[in-house]
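Basis for what follows: all heavy atoms, side chains included, without hydrogens, waters or symmetry-related copies. Just so you know, ligand 1 is whichever comes first in the structure, and atom 1 is the first atom listed for that ligand.
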Amino acid sequence: MNAPAMITTTGQKIATQRTTKSRLPETDLDQIKFGRVFSDHMFVMDYADGEWQQPRIVPFANLEMSPAALVLHYSQTIFEGLKAYRNVNGGVSLIRPQANIARMNHSTRRMCMPTIPEDAFLDGLIELVKLDQEWIPKDEGASLHIRPFMFATDEYIGVRPSDGYRFIIFTCPVRNYYSEPVRVKIETTYSRAFPGGTGETKCGGNYGGGLYPAKLGQDQGFHQLLWTDGLSHKYIEESGTMNVFFNIDGTLITPALDGTILRGITRDSIIRIAQDEGIRVEERQVSVEEIESAARNGRLRSAFGAGTAATIAHIQSIAFDGAVYDLPDVSTRELANRGKEAR
Ligand SMILES: *Cc1c(COP(=O)(O)O)cnc(C)c1O
């Protein structure tokens, strides 16, 4: 990703309005479902008259907007997902937030949206997480999912970039997303992305378009799809919200970033950790045929998806063209398990 030219700060202090009634006492952090429980506050910053307005932290609450708001019709909206967790010293760590900020600003350009000042973004993130840190579950494998997003607010139904935007960050305490190993299907009819499209942009439309093929797969008993390239359907791209890795004969292989694949930060961390550990890593085209033949010959030792929400999701079986290939038992998977520990 090219380093974006950034306005580094709005230079404005965050105005904070605390909730008068925390929902934490009535929330059982041990019993939460992914993405359904939200912490007390959110960070909000509006873009109007060509500039970012005063950032603020307010109680998490519903939004009010015009039914004609541009975002509701043409999906001019982008998001990010990152994590905070309790580290071994009892403090709070954010995982590579600058990488998410850079990626979000990469998305802003593709979607004709204003760049978010890096300092204001990071300050807001830190202030918000500090304020709601009691919401971070303390046990292993649980964390605080952080959801920054931005959308077009103009009240107008013509197709054009909005003049006004709202940038929000909220957080949710989460437990592991997929606890069980997943069954995936290689998708060769529908496409998530194509050259020149928005595949490497974390924009709303990408996910809306993926729902129907994913639903068809779920009806057949698959948790997730493995998308293939939109032109030939011969090369593996990624999964729903995860990049994908294959261990063939001890080499870790992942599809190269070609503009249609989301530039996963977890993907990047895994590549670095694996290389540090002396594991051979290849970023290149991965054909469906190669995976199928490796699975058939027993050379495909493991496969896993990698993303902030799922961390590492072991793949139990891969279906293609009516055949289902079962992969070796998860407990024997050395590479992926080590990655999971290193998170
Ligand atoms: C967010 C996302 C990923 C994973 O990215 P991380 O930065 O690792 O969370 C992978 N693929 C898609 C399509 C995504 O939306």
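Here is the list of ligand 1 atoms found below 4.0 Å of a heavy atom in Met242: 10 (C), 11 (N). Applying the 4.0 Å criterion to heavy atoms of Gly240 picks out, from ligand 1, the atoms 12 (C), 13 (C). Using a 4.0 Å cut-off to heavy atoms of Arg192, the atoms of ligand 1 that qualify are 13 (C). Annotation for ligand 1: atoms under 4.0 Å from non-hydrogen atoms of Gly264 are 5 (O), 6 (P), 7 (O), 8 (O).
For atom 15 (O) of ligand 1, the closest non-hydrogen atom on the protein side is Tyr207 OH, 2.5 Å. Thr266 OG1, 2.6 Å is the protein heavy atom nearest to atom 8 (O) of ligand 1. In this structure, the protein non-hydrogen atom closest to atom 14 (C) of ligand 1 is Lys202 NZ, 3.0 Å. Nearest non-hydrogen protein atom to atom 12 (C) of ligand 1 is Glu238 OE1, 3.3 Å.
The distance criterion of under 3.5 Å between nitrogen or oxygen atoms is met by Arg103 with respect to ligand 1. In terms of polar-atom proximity, defined here as any N/O pair under 3.5 Å, Asn243 makes no such contact with ligand 1.
Expressed to the nearest 0.5 Å, how far CG of Leu94 lies from CG of Leu82 amounts to 6.5 Å. Taking CE from Met150 and OG1 from Thr77, the interatomic distance works out to 8.5 Å, rounded to the nearest 0.5 Å. Atom CE of Met104 and atom CE of Met113 lie 7.0 Å apart (nearest 0.5 Å).
Proximity annotation for atom 4 (C) of ligand 1: of Ile265, Ile261, Val244, Thr241, Thr241 comes nearest, heavy atoms only.
Not a single heavy atom of Arg263 sits under 4.0 Å from any atom of ligand 1. Using a 4.0 Å cutoff on heavy atoms, Glu80 does not count as a contact of ligand 1. Put simply, no part of Ala99 is less than 4.0 Å from ligand 1, judged by heavy atoms.
Under 3.5 Å, the side chains of Gln316 and His223 contain no donor-acceptor pair of N or O atoms.
Using the six-membered ring where Trp is involved, Phe245 and Phe304 have ring planes that are parallel, under 30° apart on the 30 and 60° scheme. Between Phe43 and Phe167, the ring planes lie perpendicular to each other; the angle is over 60°, past the 30° to 60° tilted range.
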**OP:** Kindly indicate, with the supporting measurements, whether the criterion side chain to side chain contact (heavy atoms under 4.5 Å, CB included) is fulfilled by Lys234 and Val288.
**Re:** CA-CA 6 Å; Lys234 283 189 178 139; Val288 174; 5.5 Å; no

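Nearest heavy atoms, Ile136 versus Val129: CD1-CG1, 4.3 Å.
Asn243 is not listed as a side-chain neighbour of Thr266, based on a closest heavy-atom distance of 4.5 Å or more.
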